[in-house]
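Worksheet: the structure to be examined is printed underneath.
Any value given below was found using the heavy atoms of this structure, including those in side chains, with hydrogens, waters and symmetry copies removed.
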Amino acid sequence: MTGLDARRKATNALMLSLTGICTILVASVLFIILGYLAFNGARYLSLDFFTKLPVPVGEMGGGMANAIVGSGKLLLLALSIGVPIGFFGGIYLAEFSHGTFPFIIRYTTDLLNGVPSIVIGIFAYAMVVHPMGHFSTLAGGVALGVMMIPIALRTTEEFLHGVPQSLREGGLALGASKSRTIFTVVVPAALDGIVSGMMLDLARVAGETAPLLFTALGNPFWSKGWMEPTSALPMMIFTYGISPYEDWHKQAWAAGFVLLSFVLLVNIIARTFISRLRTVY
């Protein structure tokens, strides 16, 4: 073995070790967070937590059923607003756009992605809450939906760009229109990455608190429909976490664990859906 071969093997071993250590560090941080949340939150979970409303300070029991339902309603609205706009906008930028206008859209989208969430909350307050004259679930969903748009758009565009051009040419050669080729060939080929990006997008907004303080406000009771103030898990975690009451701290830990579990469950469902979809295509 020559000296050059020895140096190459040593360099390869060194870089392999460094990348392995970095991978272990990243994974360990994640598992430490998960373990810490599970240890401090899971032990305070009970059936009452999922089925009962919050109780006044000093009373035993109670739960966050209203916040769980409220978070579900807010995320459903956010998905209904942010995903379609971002998805179709990404298709337009990836498949139909040329010239200066797409550059302006991309630049604006990147700027919107960097806007602090509290500013989005103020925007939703000015555009929805103030004209309506009251806080509502709808206003909170609009705020979270606006936050989802830039990531959904850029994710869709980037993964569509990653689809080989030969697939598009093959669809067109078979006589399909461009739009039909996009929705039956190109989008399915990129669907794995697009859905993964959407799930990351959902996970990002699921824990947002600042926009909801300006829009959904909070509600210690059940919120009926979409036009009343509603509670949500992030707001309850914030309110209970900064309180001086030990029983509220326990509820905050439990709420944090439930929120994290929800995000993990959504990712598992998405992965299962994608794996089944692959067998179809």
* Does a side-chain heavy-atom distance below 4.5 Å link I151 with L200? -> no
* Structure fact -> Distance col, row L213:CG vs M235:CE, nearest 0.5 angstrom, shows 6.5 Å
* **Value rounded to 0.5 Å, distance of CD1 in I242 from CD1 in I237** => 12.5 Å
* Donor-acceptor pair, side chain of H134 and main chain of P229, under 3.5 angstrom -> no
* To do: Rounded to the nearest 0.5 Å, what's the gap from CD1 on I81 to CG on L138? Could you check?
  => 6.5 Å
* Does the side-chain contact (heavy atoms from CB on, under 4.5 Å) test come out yes or no for F262 and L233, once each step is laid out? -> CA-CA 11 Å; F262 168 77; L233 284 175; over 6 Å; no
* Asked: What residue pairs, at least two apart or across chains, pass ring-ring contact (aromatic ring centres under 6.0 Å, His included) with a residue in residues 190-246?
  -> Y240-W248, Y245-W248
* Structure fact -> Connected to I33, directly or through other members, by ILVMFWY side-chain contacts below 4.5 Å are V29
* Structure fact -> D110 meets the side chain to side chain donor-acceptor pair (under 3.5 Å) criterion, sequence neighbours left out, with R154
* Without swapping roles, check the side chain of T230 against the backbone of S223 for a donor-acceptor pair under 3.5 Å. => no
* To do: Might you point out which heavy atoms bring F257 and L37 nearest each other, and give the distance in Å?
  => N-CD2, 3.7 Å
* To do: Considering only Ile, Leu, Val, Met, Phe, Trp and Tyr, and joining two whenever side-chain heavy atoms are under 4.5 Å apart, list the other residues clustered with Y107.
  => L111
* **Nearest-0.5 Å distance, CG of residue L77 to OG1 of residue T137** => 7.5 Å
* Asked: Taking only residues two or more places apart in sequence, or in another chain, which ones meet A176 in a side-chain contact (heavy atoms from CB on, under 4.5 Å)?
  -> R180, T181
* Asked: Please, which pairs that meet salt bridge (Lys or Arg N to Asp or Glu O under 4.0 Å) have at least one residue in residues 73-98, sequence neighbours excluded?
  -> E95-R168
* For residues A232 and L74, report the shortest heavy-atom separation together with the two atoms involved. => CB-CD1, 3.7 Å
* Asked: Would a hydrophobic clustering, with Ile, Leu, Val, Met, Phe, Trp and Tyr connected at side-chain separations under 4.5 Å, put F96 with F103?
  -> no
* Apply the test side-chain contact (heavy atoms from CB on, under 4.5 Å) to residues L160 and I194: give CA-CA distance (whole Å), side-chain angles for both, the deciding distance (0.1 Å), then the verdict. => CA-CA 8 Å; L160 289 179; I194 293 174; 4.3 Å; yes
* Going through the distances and angles, do V205 and L75 end up as a side-chain contact (heavy atoms from CB on, under 4.5 Å)? -> CA-CA 8 Å; V205 301; L75 292 177; 4.0 Å; yes
* Minimum side-chain heavy-atom gap N219-F135 below 4.5 Å -> no
* Asked: Rounded to the nearest 0.5 Å, how far apart are CG of L144 and CG of L76?
  -> 11.5 Å
* To do: May I have all residue pairs that pass salt bridge (Lys or Arg N to Asp or Glu O under 4.0 Å) and include part of residues 202-219, sequence neighbours excluded?
  => none
* **Closest non-hydrogen atom pair between A255 and M64, with its separation** => CB-SD, 3.6 Å
* Classify the ring geometry between Y92 and F101 as parallel (under 30°), tilted (30 to 60°) or perpendicular (over 60°). => perpendicular
* Roughly how far, to the nearest 0.5 Å, is OG1 of T19 from CD1 of I24? -> 9.5 Å
* Asked: What is the minimum heavy-atom distance between L259 and A206, and which atoms define it?
  -> CD1-O, 3.7 Å
* Quick one: closest heavy-atom pair of T51 and A65, and the distance? => C-CB, 3.7 Å
* Asked: Quick check: are there more than 12 heavy atoms from other residues, nucleotides or ligands sitting under 6.0 Å from NE2 of H130?
  -> no
* To do: Can you run down the salt bridge (Lys or Arg N to Asp or Glu O under 4.0 Å) pairs that involve residues 236-256, sequence neighbours left out, and say none if there aren't any?
  => none
* Asked: Which residues, ordered by chain and number, are linked to L18 in its hydrophobic cluster, where ILVMFWY side chains connect at heavy-atom gaps below 4.5 Å, directly or through other members?
  -> L14, M15
* To do: Output yes when a side-chain donor or acceptor of N66 lies under 3.5 Å from a complementary backbone atom of P54, and no otherwise.
  => no
* Structure fact -> Those residues at least two apart in sequence (or on a different chain) that pass side chain to side chain donor-acceptor pair (under 3.5 Å) with T100 are none
* Hphob cluster co-occupancy, V55 + V69, side-chain heavy atoms under 4.5 angstrom -> no
* To do: Sequence neighbours left out, what pairs pass ring-ring contact (aromatic ring centres under 6.0 Å, His included) with at least one residue falling in residues 11-56?
  => Y36-W253
* By side-chain contact (heavy atoms from CB on, under 4.5 Å) - contacts of T215 (at least two apart) -> A124, V129, A139, A143, L212
* Might you work through the side-chain contact (heavy atoms from CB on, under 4.5 Å) test for D201 and T155, ending with a clear yes or no? => CA-CA 9 Å; D201 201 4; T155 297; over 6 Å; no
* Structure fact -> Nearest heavy-atom approach of A152 to M198 is CB-SD, 3.6 Å
